[in-house]
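Remember, predicted model here, so these are calculated numbers, not experimental data. Below, chain A is the first sequence line, B the second, and so on; all start at residue 1.
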Amino acid sequence: MITPATSPPNTIEQLTLRAQALAGLTLGELAQNANIRIPSNFKRDKGWTGQLLELYLGANAGSNPEQDFPELGVELKTLPIDSSGMPLETTYVCFAHLLNVSGITWESSNVRNKLNCVLWIPVEGNRELKPAERRIATPVLWQPTAQQLATLKQDWEELMDMIVLGEVENITAKHGQALQIRPKAADGKALTDAIGKDGEKVKTRPRGFYLRKQFTHQILLQAFYDEV
DNA sequence: GACTGATCATGC
DNA sequence: GCATGATCAGTC
């Protein structure tokens, strides 16, 4: 019987083995073995799948702005897919800092750090399927290719330029080929500090970095062809 | 049907 | 409010 991990994985191989052992199982089976209640939908439990898998893989739960497995340099992400393997949602990467960003470079950015090595765990996410019925697919351990890295860097620099120049309010989810910035908050009333048009401090809605579906789809396809 | 902007739970 | 985990749902 599959049970939650009792300790963090020591190696990437061990982590991969744990993830592969979950492939084909349903979220209901995992939750049942861990004595976790299963929501009937994700309206009020949007991060439930991710937290369930963290438990099974031995990730250190918490809200630190670090990778899930700091010792291994690996980030864990679940990815909802449809029956043909197409991602259903964009993927949240991290919070976007809007102030004191002039010293940050792509190489030292949180986005670059998070995406250095990601263990993607695709999960059936069709809304017609109840959470308990959704099956886990084959995990993908990914490191960005030079080309993907270049695309991400370009998007990141474009977006950060706008932030530095006080154009935060002009940023929409349409910017960026692979990386986009969207509101990220509890509700529309949340405010944080940002740089204004004349360099002054202004209040704006908090933002986060997200990966487009097309980009994550490419990652899954790439893994598929590597196997074949 | 896809996409963008909005929203939910939790811990500190 | 920030940061983690993300999905919802109205609009295009």
- For residues 79-98 of chain A, which residues have at least one heavy atom under 4.0 Å from DNA chain B? none
If you check every side-chain atom of [X], which of [options] has the closest atom?
X: A/Lys77; options: B/dA6, C/dG5, C/dC8; result: C/dG5
X: A/Thr172; options: C/dG5, B/dG5, C/dC2; result: B/dG5
X: A/Ala173; options: C/dA9, B/dG5, B/dA6; result: B/dG5
X: A/Thr192; options: B/dA6, C/dC2, C/dA9; result: C/dC2

- Message: With a 3.5 Å distance limit and no angle check, can you tell me whether A/Asp193 reaches the backbone of A/Lys201 through a side-chain donor-acceptor pair?
- Response: no
- Could you tell me whether a side-chain N or O of A/Arg212 sits under 3.5 Å from a main-chain N or O of A/Gly176, the two making a donor and an acceptor? yes
- Matching residue for A/Leu57 among A/Asp68, A/Leu52, A/Ile121 - test: side chain to side chain contact (heavy atoms under 4.5 Å, CB included): A/Ile121
Distance check needed: [N] [atom2] versus [X] [atom1], whole Å only.
X: A/Leu55; N: C/dG5; atom1: CG; atom2: P; value: 15 Å
X: A/Leu76; N: C/dA3; atom1: CG; atom2: C1'; value: 16 Å
X: A/His217; N: B/dG1; atom1: NE2; atom2: C1'; value: 16 Å
X: A/Lys46; N: B/dA6; atom1: NZ; atom2: P; value: 13 Å
X: A/Glu128; N: C/dC8; atom1: CD; atom2: P; value: 13 Å
X: A/Phe69; N: C/dG5; atom1: CZ; atom2: P; value: 11 Å
X: A/Trp48; N: C/dC8; atom1: CH2; atom2: C1'; value: 18 Å
X: A/Leu52; N: C/dA6; atom1: CG; atom2: P; value: 11 Å

Hey, does [X] reach any base, or is it just sugar-phosphate, or nothing, if we go heavy atoms under 4.0 Å?
X: A/Asp45; answer: nothing
X: A/Glu75; answer: sugar-phosphate
X: A/Asp68; answer: sugar-phosphate
X: A/Arg212; answer: sugar-phosphate
X: A/Gly47; answer: base
X: A/Asn64; answer: sugar-phosphate
X: A/Thr49; answer: nothing
X: A/Lys114; answer: sugar-phosphate

Salt-bridge test for [X] and [Y]: reply yes if a basic N is under 4.0 Å from a carboxylate O, no otherwise.
X: A/Asp45; Y: A/Arg37; result: yes
X: A/Glu54; Y: A/Arg18; result: no
X: A/Glu89; Y: A/Arg127; result: yes

- Five-pair end axes of the helix from B/dG1-C/dC12 to B/dC12-C/dG1, angle between them (10°): 30°
[atom1] ([X]) with more than 12 external heavy atoms under 6.0 Å:
X: A/Glu157; atom1: CD; answer: yes
X: A/Glu200; atom1: CD; answer: yes
X: A/Arg182; atom1: CZ; answer: yes

Ignoring backbone atoms, test whether [X] places a side-chain nitrogen or oxygen under 4.0 Å from the OP1 or OP2 oxygen of [N].
X: A/Arg182; N: B/dA6; result: no
X: A/Lys213; N: B/dC3; result: yes
X: A/Gln180; N: B/dT4; result: yes

- Query: So, does the side chain of A/Lys184 form a donor-acceptor pair with the base of C/dT4 at under 3.5 Å?
  - Reply: yes
- Task: Ignoring hydrogens and angles, answer whether the base of B/dT4 and the side-chain atoms of A/Lys174 contain a donor-acceptor pair closer than 3.5 Å.
- Result: no
- Message: Between A/Glu169 and A/Arg207, does the salt bridge (Lys or Arg N to Asp or Glu O under 4.0 Å) criterion hold? Intermediate values first, please.
- Response: CA-CA 10 Å; A/Glu169 294 295 352; A/Arg207 314 297 165 97; 3.6 Å; yes
- Would you please classify the geometry between the A/Trp48 ring and the A/Phe42 ring as parallel, tilted or perpendicular, with 30° and 60° separating the classes? tilted
- Item | Contact nearer the 5' end of DNA chain B, comparing A/Ala185 with A/Arg127 | A/Arg127
- Query: If you find the nucleotide of DNA chain B closest to A/Tyr210 and the one closest to A/Gln51, which residue's nucleotide is nearer the 5' end?
  - Reply: A/Tyr210
